[in-house]
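Values in this document were obtained by computation on a predicted structure and should not be read as measured data. Per chain, numbering begins at 1; letters A, B, ... match sequence-line order.
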Amino acid sequence: MPLAGSLDIRPLIEGASEVVLGDRQLRVDDVDILQVLYEVRVADREALVPPALNPTIPPVISFLVYRAKESAFGPFALAQLRLTARSGVRPRAYLISARCDNAALADGLASSWGFRVAPGEISLRRFHDRVDCSVREDGGTILQVSLVDPVPVTGHDVQYPPGMHLARVTRDGTSKPRIVQVDSEYEFRRADRGRPELTHFDPAAWGDARLVPDLAVSASFAACDMTIADVRYICNPDIPASEGTEKVSDR
Amino acid sequence: MEFGLFMELSVPRPWTADSERQVYENALEQVRLADELGFDYVWAVEHHFLEEYSHCSGPDIFLSACAAQTSRIRVGHGVIACVPQYQSPIRVAERAAVLDIISGGRLELGTGRSATWPELSGFNANPDETKKTWDEFVRVIPKMWMEERFAWNGRMFSMPERAILPKPIQKPHPPMWVAVTSPGTEVDAADRGLGCLGLSPGSFSESEKKVQNYRKRIQVCDPVGAFVNDKVLTVNFLSCCEDGDLGRRNGLKVASMFSYMASQLLSAKEVLPTHSYPSEGLLPALRRESGSPGDAAKSFKGVTMGTPDDVADAIAAWENVGFDGINFIHQFMEVVPQRYVLDSMRLFAEEVMPRFKQGAARPIAPGVARPVAAGVA
């Protein structure tokens, strides 16, 4: 039978963001995006994602890093650790946690889209032969990852599945644990791919010590305009998405 | 119209020492019945490492058992992976010839290149190369079958002159096909004179466009083999029952389970920034049919489920689109009882199949001869 998530979400709910649904979106022009994927080897794949979601075969983590020189919140960098998953039959990425170097943006991402985000120092540097990213927290490095030997591809070749963010959603005065589906649109200006190189990764610092990278999958670097769209769907984390998905916006 | 069974050999958890044997036994029983009932083909996939979804990593061995237990149904690779890290084209030609001999000339060779990350990475294959290697495989295999001794100096592989043995019974060689899931592969099929083995259920309009394009291009093809196979087969889910509601319910169980299991596999397209895999194989069509992020596949127009009349209506619609036949996914993950599967096949053969087995064969391209042994009606 299809593998179904069995992650105990109770310990995660306490630190989850409070989301108040509303009609809002965030457009950011000229964003650099690094995405690096690694397979992880774990004994119990089901225990990586909430019961609403299905794990993939095999499970793959993605380091998804945005950097923008301008936005409504000012310049920012955002680094996410995500895990491939499925909502029913659809490809999704379950957010483990994120780091952001812009406090105002981090607040907005948390309250509007349920990002589990903490402050961090993020460096994303592009060279002709490689793209380097490092993330530091409390003075220590928690991620150092690179794309090596970039070669051009098209934006169509790069995929960023919608995020699934475990949060607390307030509606009609009550707050309930929900998974918020975060859809983003990308208009690509250019894209490269290359060889992934992971120098340092502290999975415990990111929220799940079981996510130990095992096999390099791919790396891409893109420049695009990006819009994080209004929330359209939320789902009950405790039951399969096929039963517990609710449409909250017609957009 | 021609009809076939499409075997994934999926094995649901929990696995016991007997699980895989039982699935294989059930499949062989279905094939024996299909042979008696007049089905035209049984196709077996080649998949590796795809837990539960498919435990069919040795399709030629499974098809050999099918051949040994039947007398007329054609046995098809649907499809063999033409990826050198999986196997050499020499081994494909040799083993296919053996299967053709022991089946008495009933082999169909479907070709493909894999579309999932677990398989490609499991064999350390380069996804950027699979289209190219497939192309070289399909060019050399018919030569290996037809030439007494064969030598090759190619891009993917080279070999000194050797006799590749045995030779298939069917002359000049067994029919060849290619799996069509990615957009544009129907063009590849047409240009090489290969049959189109549709593995992805799609809409009528999408399919009609593809079939028309294929028919047009194959008229001026440069065949890789000694003849053109211009057949186009599609795939569908079969559940035929006098009680239409039960037929649809059981059919949807199979279709939903298939969608769920297929969707859990990571496609090459999803994780690799490569234009070599422009689509996610089977999955986009299935995903398009689901209504919301959480839905499994729903019943959709043209699905071969329900009463015999329902099934016949759906087949007629696909026939009008231009397909020559349909291969059925009639069971998946053992979600419906074996007895139901067999009864559904019997009812289909009694009530539906005869409505599509009359009339002359569609004319074929001028100057092109189909082989006598190809099982053309």
## Note on the structure
Note: B:Lys269 and A:Asp157 closest approach over all heavy atoms is NZ-CA, 3.6 Å
### Query
So does A:Arg125 have more than 12 non-hydrogen atoms from other groups sitting under 6.0 Å from CZ?
no
### Query
CZ of A:Arg41: more than 12 outside heavy atoms within 6.0 angstrom?
no
### Message
In the structure I gave you, are the side-chain heavy atoms of B:Gln264 and A:Pro55 within less than 4.5 Å of one another anywhere?
### Response
yes
### Heavy-atom closest contact (A:Ser242 atom, B:Tyr260 atom, distance)
CB-OH, 3.3 Å
### Query
Heavy-atom distance under 4.5 Å between the side chains of B:Glu52 and A:Ile57, does that happen here?
no
### Message
Between B:Glu270 and A:Arg92, is the salt bridge (charged side-chain N to carboxylate O under 4.0 Å, His left out) condition met? List the steps.
### Response
CA-CA 10 Å; B:Glu270 187 178 348; A:Arg92 298 287 182 261; over 6 Å; no
### Query
Considering only heavy atoms, which portion of A:Ala216 lies under 4.5 Å from any heavy atom of chain B: side chain, backbone, both, or neither?
backbone
#### Entry: Option passing side chain to side chain contact (heavy atoms under 4.5 Å, CB included) with B:Leu266 (candidates A:Pro58, A:Pro59, A:Pro91)
A:Pro58
### Message
Need one label for A:Gln35: side chain, backbone, both or neither, based on atoms under 4.5 Å from any heavy atom in chain B.
### Response
neither
### Query
Which atom names give the shortest non-hydrogen contact between A:Pro2 and B:Met257, and what distance separates them?
CD-SD, 3.5 Å
### A:Thr154 versus chain B, the contacting section by heavy-atom distance below 4.5 Å
neither
### Query
Do A:Val217 and B:Leu272 touch side chain to side chain, with heavy atoms closer than 4.5 Å?
yes
### Query
Got B:Val271 and A:Gln159 here, is their nearest side-chain heavy-atom distance under 4.5 Å?
no
### Task
Give, as side chain, backbone, both or neither, the part of B:Ser121 having an atom under 4.5 angstrom from any heavy atom of chain A.
side chain
### Summary
For A:Ala219 and B:Pro273 the tightest heavy-atom approach is O-CG, 4.1 Å
### Query
Less than 4.5 Å apart, any side-chain heavy atom of B:Trp117 and any of A:Leu215?
yes
### Query
Take atom CG in B:Asn124; do more than 12 heavy atoms of anything else shown fall under 6.0 Å from it?
no
